[in-house]
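What follows is a short report on a single structure.
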Amino acid sequence: MTNRQVADILNRIADILQIKEENPFKIRAYRNAAQSIYYLDEDLRSLYKKDKIGDVPGVGRAVKGKIEELLEKGSMEYYENLLKEVPQGVLEMLSVPGIGHKMVKLIYEKTGIDNIDDLLKAAEEHRLREIPGIGEKTEENIKKGIEMLKKNRGKVNLGIALPLAEKFRDFLLEDERILAASVVGSLRRGKPLVNDIDILVAAEDYLAVHEKAEQFTEIKKINRKDKENVSGKLIFDIDFELIIVLPDDYYHSLVWTTGSKPHRAVLFSEIGRSSFRGAVSEKEIYEKLNMQFIPPELRENRGEIEKARLNELPVLVELGDIKGDLHVHSDWSDGAHEIMEMVRKAKEKGYSYMAVTDHSKSLPISGGLDEERLLAQGRVIDDLNLKIEDFKILKGIEVDILKDGSLDFSDEVLENLDIVVASVHSNFKMDKEKQTKRILNAIKSGKVNIIGHLTGRLLNRRSGYELDIDGILKTAARYNVALEINSHPERLDIDEETAFKAKEYGVKIAINSDAHNKEDLDLIRYGVINARRGWITPDDVINTWPYDKLVKFLKKE
DNA sequence: GCCGTTTTCGGCCCGACTGTTTTCAGTCG
């Protein structure tokens with residue numbers, strides 16, 4: 001039972017209590033406990049051994065007891081009983097955008113509908129609008145929401161799949177009979193949503209792979225197990241497949257199982273991959289095919305093969321190129337940690353600068369800053385900058401782009417900052433023309449350096465609003481405004497296609513974590529992967545630049 | 001259900017938008 005799983009269960013308890021309309025503060029208590037466990041540095045199991053679970057903030061006597069029961073027995077009586085009152089399928093209905101606990105309760109009680117499939121059917125047959133309180137529009141929104149969910153059903157984002165896959169791979173490599181292992185498939189290519197986890201494994205004895213794999217604690221079920229394959233389900237119901245090959249077949253199989261189908265089809269159209277038996281690297285194979293080594297993120301047959309033949313592939317940005325983070329929250333707004341804690345973590349990561357960009361006042365739920373608190377924060381940052389060495393904290397803001405495209409602070413206030421990230425956090429449902437104009441307004445203000453999470457998409461949850469991307473890129477280039485690649489695995493916004501286009505327009509990119517706690521600074525990794533899929537080079541990315549060059553860009557010099 | 005206290009009970013983030021209403025409840029960030 002991992003921290004994440006415990007946090008999930010506490011959240012589901014909160015969901016059930018909310019549907020049952022219990023005390024809102026009790027519900028929040030469960031959510032608070034879930035959140036702080038989710039972000040905990042230490043494993044709950046080791047805290048348990050030291051009897052320190054009660055020390056976790058938000059965990060009091062009652063929840064402590066329940067977590068201990070969960071860790072001891074793998075189940076919790078309180079939760080099991082709640083599930084009898086509100087079935088799992090009803091909880092899943094909560095994932096439909098636009099419907100919350102009240103409406104789920106209403107629908108469940110009035111119609112008995114207790115799963116998403118039946119809910120969709122009822123919406124299609126116009127049976128939902130018969131329920132008092134639900135009209136045509138709500139019904140239509142529910143239908144649309146479910147269709148979006150279904151499109152991505154079973155898909156899981158990089159932030160969940162990649163760490164789990166790497167953990168599995170490293171576990172396999174502990175066994176000395178397993179000579180090599182690599183994450184492959186669309187996950188290695190870095191696609192934002194993947195269907196499953198594929199790992200290529202080299203071993204002389206396939207039974208060794210079976211033996212070791214069976215001991216991986218995150219496996220829920222094994223469906224198939226033979227000479228070439230072990231497959232089944234991992235935690236969170238993620239499908240996995242281990243592809244077992246002999247050591248001599250490892251590298252050509254690595255190219256084969258990594259490449260998208262169109263990529264590998266072109267690659268091996270003339271020479272079969274078996275003629276590469278015994279190769280000692282992927283590079284060797286690409287060389288024998290008369291081309292440069294193609295990084296996994298580019299293997300989509302989108303022109304990379306032609307470029308590789310001409311020796312013209314771009315040198316892609318790498319995690320190690322990142323010199324700082326330009327979108328970071330602190331406990332001045334909705335971040336969890338103090339500025340100095342974020343700085344410490346940023347320094348650990350080898351950064352030389354970091355921008356503090358808390359929310360602005362129009363976002364009250366986030367504790368958005370008003371002019372006065374922004375000034376106070378600026379003074380604190382000035383002080384910190386005097387104390388720390390070899391590191392710069394930039395004074396910034398994530399300023400809200402209001403409905404009409406104006407910014408949440410006056411020009412004068414914004415001019416006194418080192419960096420301005422501007423983002424949309426409200427009115428997502430405006431039409432394409434208005435939404436585009438709104439963002440263009442922000443760009444044209446001349447006060448903005450970076451547009452944060454441009455489209456507002458949340459993978460698997462919410463599609464972004466429609467925008468005239470070309471119009472925005474053209475204007476951003478003219479006004480020296482960079483676009484953010486928001487690294488949060490649920491966002492990865494802008495996406496790879498827009499990043500690719502941005503480069504053509506000469507628009508610079510900022511790869512930002514949007515961290516709300518110090519651990520989140522590590523999310524930058526996913527943004528870098530996304531940038532690589534968009535063919536982005538270090539020079540395209542302003543936060544790979546040295547501080548002085550960055551400052552010139554920010555001052556629009 | 002948690003937390004903190006001039007310590008065992010009272011307080012615990014809010015505002016805008018949407019869709020359904022006919023003055024407001026639910027959802028979202």
Side-chain angles (χ1 to χ4, degrees), chain A residues 9-11 13-37 53-67 76 78-79 82 93-108 123 128-145 329 331-336 358-370 373 398-404 408 423-431 434-435 438 452-453 456-458 461-465 486 488 490-491 493 514 516:
Chain A
I9 288 175
L10 293 175
N11 265 322
I13 290 173
D15 283 336
I16 297 175
L17 295 177
Q18 217 166 340
I19 289 172
K20 282 164 52 87
E21 295 184 316
E22 290 225 14
N23 177 1
F25 297 110
K26 180 169 164 181
I27 294 163
R28 195 186 304 152
Y30 275 97
R31 294 220 189 272
N32 286 342
Q35 170 141 6
S36 77
I37 286 168
I53 287 184
D55 290 358
V56 178
V59 176
R61 266 181 56 198
V63 173
K64 173 175 182 269
K66 292 185 170 94
I67 294 173
M76 183 204 303
Y78 178 65
Y79 176 51
L82 285 174
M93 283 159 59
L94 288 170
S95 60
V96 179
I99 69 176
H101 301 86
K102 287 279 167 72
M103 216 177 300
V104 162
K105 175 186 162 82
L106 179 72
I107 294 170
Y108 177 50
L128 295 181
R129 64 179 67 170
E130 288 161 19
I131 303 170
I134 295 182
E136 268 180 55
K137 287 195 178 172
T138 303
E139 191 180 63
E140 184 60 23
N141 282 340
I142 290 175
K143 206 179 106 197
K144 276 194 201 146
H329 296 271
D331 61 356
W332 283 72
S333 70
D334 60 352
D358 275 307
H359 289 288
S360 63
K361 57 185 188 292
S362 283
L363 214 57
I365 179 103
S366 67
L369 305 182
D370 57 18
R373 292 188 65 230
E398 181 183 16
V399 66
D400 252 63
I401 303 176
L402 306 177
K403 194 172 178 179
D404 60 358
D408 201 13
S423 314
V424 165
H425 290 110
S426 59
N427 301 90
F428 298 111
K429 288 186 175 170
M430 283 161 75
D431 65 40
K434 279 190 189 148
Q435 197 70 268
R438 178 186 188 187
H453 45 72
R457 76 166 178 182
L458 292 176
R461 283 206 282 148
R462 181 175 82 200
S463 15
Y465 27 85
N486 189 296
H488 196 287
E490 281 203 314
R491 290 192 184 269
D493 183 12
D514 195 0
H516 283 73

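Just so it is clear: chains get the letters A, B, ... in the order the sequence lines come, proteins before strands, and each one is counted from 1.
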Exercise for the section: Could you measure between the two P atoms, the one in B:dT21 and the one in B:dT27, and give it in whole Å? Expected result: 14 Å
Exercise for the section: Could you let me know what B:dT8 is paired to, Watson-Crick or G-U wobble, both distances under 3.5 Å, or none if it's on its own? Expected result: none
Handout entry: Most 5' of A:Arg61 and A:Met430 on DNA chain B, judged by nearest nucleotide
Key = A:Arg61
Problem - Sugar-phosphate or base contact per nucleotide [nucleotides 23-28 of chain B; S, B, -; heavy atom under 4.0 Å] - result: ---SSS
Exercise for the section: Test salt bridge (charged side-chain N to carboxylate O under 4.0 Å, His left out) on A:Asp15 and A:Arg31 and set out the steps. Expected result: CA-CA 9 Å; A:Asp15 283 336; A:Arg31 294 220 189 272; 2.7 Å; yes
Practice task
May I have the distance from A:Ile27 (atom CD1) to B:dC2 (atom P), rounded to whole angstrom?
Solution key: 14 Å
Completion exercise
Out of B:dT20, B:dC17, B:dG1, minimum distance to the side chain of A:Lys137 belongs to B:dT20
Handout entry: Distance, rounded to the nearest Å, where A:Phe25 contributes CZ and B:dG4 contributes P
Key = 17 Å
Exercise for the section: Please determine if a side-chain N or O atom of A:Asn141 lies less than 4.0 Å away from the OP1 or OP2 oxygen of B:dG19. Expected result: yes
Practice task
Check whether more than 12 heavy atoms from other residues, nucleotides or ligands sit under 6.0 Å from atom NZ of A:Lys105, and answer yes or no.
Solution key: yes
Fill in the blank from the handout: The residue, A:His425 or A:Lys26, whose nearest nucleotide of DNA chain B is more 5′ is A:Lys26
Problem - Non-hydrogen atoms of A:Asp400 and A:Ser362 that approach each other most closely - result: CB-CB, 4.3 Å
Problem - Between B:dG29 (P) and A:Arg31 (CZ): distance, integer Å - result: 14 Å
Handout entry: A:Leu17 CG to B:dG1 C1', straight-line distance once rounded to whole Å
Key = 10 Å
Problem - More than 12 heavy atoms from other groups under 6.0 Å of CD on A:Glu136 - result: no
Handout entry: Integer angstrom distance from the P of B:dA16 to that of B:dG10
Key = 32 Å
Handout entry: Backbone N/O of A:Asp493 and side chain of A:Arg457: donor-acceptor pair under 3.5 Å
Key = no
Practice task
Indicate whether OP1 or OP2 belonging to B:dG1 is found under 4.0 Å from a side-chain N or O atom of A:Lys66.
Solution key: yes
Exercise for the section: Considering only atom P, compute the distance from B:dG11 to B:dT6 and round it to an integer number of Å. Expected result: 15 Å
Fill in the blank from the handout: Between NE2 of A:His359 and P of B:dC14 the distance, given in whole Å, is 17 Å
Fill in the blank from the handout: One should read off an interatomic distance between A:Asp370 CG and A:Asp408 CG, to the nearest 0.5 angstrom, of 10.0 Å
Practice task
For B:dA25 versus B:dT20, give the span between their C1' atoms, rounded off to a whole number of Å.
Solution key: 9 Å
Practice task
Let me know the distance between CG of A:Asp431 and P of B:dT18, rounded to the nearest Å.
Solution key: 12 Å
Problem - Pairwise P distance, B:dG4 and B:dC13 [rounded to whole Å] - result: 13 Å
Handout entry: Touch class at under 4.0 angstrom, heavy-atom based, for A:Gly133 against every strand present
Key = sugar-phosphate
Handout entry: Partners passing ring pair (Phe, Tyr, Trp, His ring centres under 6.0 Å) against A:His425 (at least two apart in sequence or in another chain)
Key = A:His359, A:His453
Exercise for the section: Determine whether any donor atom in the side chain of A:Asn23 lies under 3.5 Å from an acceptor atom in the base of B:dG1, or the reverse, and answer yes or no. Expected result: yes
Handout entry: Euclidean distance, atom CZ of residue A:Arg28 to atom P of B:dC12 [Å, nearest integer]
Key = 9 Å
Handout entry: Inter-nucleotide P distance (B:dC12, B:dT5), Å rounded
Key = 15 Å
Exercise for the section: Could you tell me whether a side-chain N or O of A:Gln435 sits under 3.5 Å from a main-chain N or O of A:Asn427, the two making a donor and an acceptor? Expected result: yes
Problem - Between P of B:dG29 and CD of A:Glu490, the distance in whole Å - result: 10 Å
Problem - Side-chain N or O of A:Thr138 closer than 4.0 Å to phosphate OP1/OP2 of B:dT18 - result: no
